[in-house]
Amino acid sequence: MVGNRPSAPVAQPPGHPPRAADLARAVAHLAAGDFHAALYAASDACHADPDDAEAHYAYGQAWLGLNQAEKAEHAFAAAIQRAPAWAEPWVNYGVARYRQGAIHDAKTAMREALRHAPGHVAASANLAAFLGLTGERDAADLLLRESLEREPRNAAARLNLVADLLQRGRAQQALALLEESTVPGNPAEARHWHLLSTLTLLQLGRPGDARAALEAFEAIGTCPPALTPLWLWRRLCLALAEHDLAAALDEAAAMEAALSSSGEAMLPEHRIMAHYDLAKFWAGQGEPARAFSHWRAGHDLLKPGQPFCRADHAAFVEASQARLDRRRLTDGPRATNRDPTPVFIVGMPRSGTTLCEQILAAHANVHGAGERGALAEAFHALGGSETADGVNAIAGLDGAALDAAAHRYLSQLRALAPDKARIVDKMPGNYRFLGLVGLMLPGARIIHCVRDPRDIGLSIFSYRFHGHHSYAHDIADLGWAIAQQQQLMAHWSAALPNPVLQVRLNDWVDDFDATLSRVLDHLGLAHDPACVHFHERDSDVRTVSYAQVRQPVNARGLGRWKTYQAELAPLIAELDAAGALEGWPDDPFAAPNAVALPTQSAPHSISPGR
């Protein structure tokens, strides 16, 4: 939510009679920010006219202003029941559900608001924010740009687009977006504007201008508790940029105190990112235990909305091994095409998939398509679900069904880059669906990226991934899931008729030229010297590895797990029990490196209805 004050409702539900005195008092109190008084007045209005949608809506606004999301949800639901075509209650119902961690319900609510009020400013901006948080970044980007084209003064959409650009390291584009418009007159939106301006200018190496932006934020008035940790983070980053470590340490301590005392006022994502930001700072200061405690706190906030079940995951893996074995993949019905265009780069997140894709994408005959959801969509369309039953359905497909699915998939793939010989999909989690690749795309090539499982575990645990990564929120579950991935990939490597090449992350460091030659030979491609200079390309990388792939290959990060060996003990125990550490020595050739200075986070804004 932009700010803490829900504004008074302006748009009235169709055909509703004039406001009663109690409702008028509630609206006035809401406008003044007196949520307790608004609550009593709105309650009186609800009792006076139980069928008045506006009374229930005002009651929900008051509860939301008091940071009581569950009670607000019920009030907004009552308003929706009485005026289902009124968009504003849908928007605030979605905000209330999001504040309780139900982000998918929040997306549904925003879509309902847009169904009744196409182009609704807050619903568009909020839906885009929620899409981004659940990993649907392309859809979020499109929605935000359409919203801005339709209404250039939509500050929430502009700010959310700026936040997304900053997360991708596109500070110059973010600044251009800010400079295309003026600071909003609404104090809540103006605060977020100045906070994002500060981060943008810091990313551009302009600490003097960043200080001016932060002073503009402070000039608005006392910082609301919901924004205090975000404000202190900017002060911390500014202190680092000005080489004042003592001030940065003071700001970090103040931020921790503000975070612990903020109660329910902060948006969930703001609270999550505050923990990740503090973790990065303390990691950089050589305090691994303190850093890890913040990573753990961030995951604890994410865990309720993304429950993980080992039994369900194991059942899927076991069914894949049993039903999609070498006999089924080789002798059973398969699609008739032998199209060599598709290339799948798979592995656990943070295993080097982005690096491998960016190296290949520099090749004249290769298109890097990023992380596509097309293979998962095909699996769900053909199998119904990512379960043992889904695997059984895939294994039972006949040649005609596989040919039809392959035609759809390849038509969409080739449309991305008709002039390229190879198109790379680097969605790491596609390893789960390689059995379908063997049946549907017999000509596809597969590259399996691997890295020390302990480094993978630490790297996953220390990043805020958008999308669904339920296995990552418990350190022991994470170790177990990494071992399961190794087990399934060992099966695919033995069972698939498609060629599978394993590439270790340290292979690129040990001998880049030899590794590049091996990868290009695997794909049937000639050498292209542009691949050596991959980091010089201005590519739009939409993963957390965007900074790493804009510099030459280096050994930073290899062996970093040793600094956190005590904190990683549950993960290491799971890996060891599964035999997943075989071949990975405790002493890599590169010693652990210090963590770089923090990359400032850019949280999204969530807007209330009017």
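Within the 3.5 Å criterion, the main-chain N or O of A96 finds a donor-acceptor partner in the side chain of Q100. Proximity of a side-chain donor or acceptor of S262 to a complementary backbone N or O of A226 within less than 3.5 Å is not detected. Between the side chain of N506 and the main chain of V509, no donor-acceptor pair closer than 3.5 Å is present. Side-chain N or O atoms of D511 include one that pairs as donor or acceptor with a backbone N or O of A514 at under 3.5 Å. Side-chain N or O atoms of E574 include none that pairs as donor or acceptor with a backbone N or O of L478 at under 3.5 Å. With hydrogens and angles disregarded, no donor-acceptor distance shorter than 3.5 Å links the side chain of S181 to the backbone of L178. In terms of modelled atom types and a separation under 3.5 Å, the side chain of T134 and the main chain of F130 share a donor-acceptor contact. Side chain of S517 to main chain of D513: no donor-acceptor pair is present (N/O by atom type, distance under 3.5 Å, no hydrogens or angles). A donor-acceptor contact shorter than 3.5 Å links the side chain of S261 to the backbone of A257. At distances below 3.5 Å, at least one donor-acceptor pair connects side-chain atoms of T228 with backbone N or O atoms of P224.
Between C449 and V346, every side-chain heavy-atom pair lies at or beyond the 4.5 Å cut-off. Taking 4.5 Å as the limit, some side-chain heavy atom of S470 sits within range of a side-chain heavy atom of H468. By the 4.5 Å heavy-atom criterion applied to side chains, M348 and P428 are not counted as neighbours. Side-chain contact between Q285 and R290 is absent, with no heavy atoms from C-beta onward closer than 4.5 Å. Side-chain contact between W233 and P229: absent, with no pair of heavy atoms (C-beta onward) separated by less than 4.5 Å. In this structure, F308 and W480 have side chains that are in contact, with non-hydrogen atoms separated by less than 4.5 Å. Side chains of R451 and S459 form a contact here, defined as non-hydrogen atoms less than 4.5 Å apart. In this structure the side chain of I447 never reaches within 4.5 angstrom of the side chain of Q502, judged on heavy atoms.
Residues meeting the side-chain hydrogen bond (donor to acceptor under 3.5 Å, both in side chains) test with W193, sequence neighbours left out: none. By the ring-ring contact (aromatic ring centres under 6.0 Å, His included) test, H473 pairs with H299, sequence neighbours left out. Qualifying side-chain hydrogen bond (donor to acceptor under 3.5 Å, both in side chains) partners for R97, counting only residues two or more places apart in sequence or in other chains: E73, D105. Checked against side-chain contact (heavy atoms from CB on, under 4.5 Å), P288 has the following partners two or more places apart in sequence or in another chain: T563, Y564. Residues satisfying the ring-ring contact (aromatic ring centres under 6.0 Å, His included) criterion with F344, sequence neighbours excluded, are absent altogether. Partners of D250 according to the side-chain contact (heavy atoms from CB on, under 4.5 Å) rule, which considers only residues two or more places apart in sequence or in another chain, do not exist here. Applying the side-chain hydrogen bond (donor to acceptor under 3.5 Å, both in side chains) test to R235 and every residue at least two apart in sequence or in another chain returns E218, E251. Under the side-chain hydrogen bond (donor to acceptor under 3.5 Å, both in side chains) criterion, Y431 pairs with no residue, sequence neighbours left out. Applying the side-chain contact (heavy atoms from CB on, under 4.5 Å) rule to L301 yields the partners R271, I272, H275; only residues at least two apart in sequence or on another chain are considered. Applying the salt bridge (Lys or Arg N to Asp or Glu O under 4.0 Å) test to E567 and every residue at least two apart in sequence or in another chain returns nothing. For P152, the side-chain contact (heavy atoms from CB on, under 4.5 Å) partners are R158, not counting sequence neighbours.
Distance check: M110 CE to L127 CG gives 8.0 Å after rounding to the nearest 0.5 Å. Separating the CZ atom in R99 from the CD atom in E269 is a distance of 13.0 Å, to the nearest 0.5 Å. Atom-to-atom distance recorded for M255:CE and L236:CG is 7.5 Å, nearest 0.5 angstrom.
A cation-pi arrangement is not found for R234 relative to F217, the charged atom failing to lie both closer than 6.0 Å to the ring centre and inside a 45° cone about the ring normal.
Among pairs with a residue in residues 207-216, those fulfilling side chain to side chain donor-acceptor pair (under 3.5 Å) read R206-D209, R211-E242, at least two apart in sequence or across chains.
Summarising the local packing, CZ of R518 is surrounded by more than 12 heavy atoms from other residues, nucleotides or ligands at distances under 6.0 Å. In the displayed structure, E180 atom CD is contacted under 6.0 Å by more than 12 heavy atoms of other residues, nucleotides or ligands. Within a 6.0 Å sphere centred on CD of E264, other residues, nucleotides and ligands contribute 12 heavy atoms or fewer.
The pair E136-K107 meets the salt-bridge criterion, since a charged nitrogen lies less than 4.0 angstrom from a carboxylate oxygen. For the pair R145 and D141, the salt-bridge criterion is met [side-chain N within less than 4.0 Å of a carboxylate O]. At a threshold of 4.0 Å, the pair R504-D452 does not count as salt-bridged, since none of the basic side-chain nitrogens sits closer than that to a carboxylate oxygen. A salt bridge links R454 with D586: at least one charged nitrogen is closer than 4.0 Å to a carboxylate oxygen.
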Is there a salt bridge (charged side-chain N to carboxylate O under 4.0 Å, His left out) between R168 and D164 once you walk through the steps? CA-CA 7 Å; R168 290 153 48 197; D164 183 62; 2.7 Å; yes
Tell me, with the steps shown, if D455 and R350 meet salt bridge (charged side-chain N to carboxylate O under 4.0 Å, His left out). CA-CA 9 Å; D455 277 331; R350 311 296 295 155; over 6 Å; no
Verify side-chain contact (heavy atoms from CB on, under 4.5 Å) between F292 and L568, making sure each step is shown before the conclusion. CA-CA 9 Å; F292 213 87; L568 291 172; 4.1 Å; yes
side-chain contact (heavy atoms from CB on, under 4.5 Å) between L148 and L177: does it pass, once the steps are laid out? CA-CA 10 Å; L148 277 182; L177 262 181; 4.2 Å; yes
What verdict does the side-chain contact (heavy atoms from CB on, under 4.5 Å) test give for L360 and C531, after you've listed the backbone C-alpha separation in whole Å, the side-chain angles of each residue and the deciding distance to 0.1 Å? CA-CA 6 Å; L360 287 173; C531 294; 5.6 Å; no
Under the criterion side-chain contact (heavy atoms from CB on, under 4.5 Å), I'd like the reasoning laid out for W508 against L516: C-alpha separation, chi angles, the key distance, then a yes or no. CA-CA 8 Å; W508 296 108; L516 176 60; 4.1 Å; yes
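Contact record, A129 with N160: CB-ND2, 3.7 Å, taken as the closest heavy-atom pair. Of all the heavy atoms in Y471 and A481, the pair that sits closest is CB-CB, 3.8 Å.
The aromatic rings of H533 and H535 sit tilted, their planes meeting at an angle between 30° and 60°. Using bins of under 30°, 30° to 60° and over 60° for the plane-to-plane angle, the ring pair F512/F534 lands in the parallel bin.
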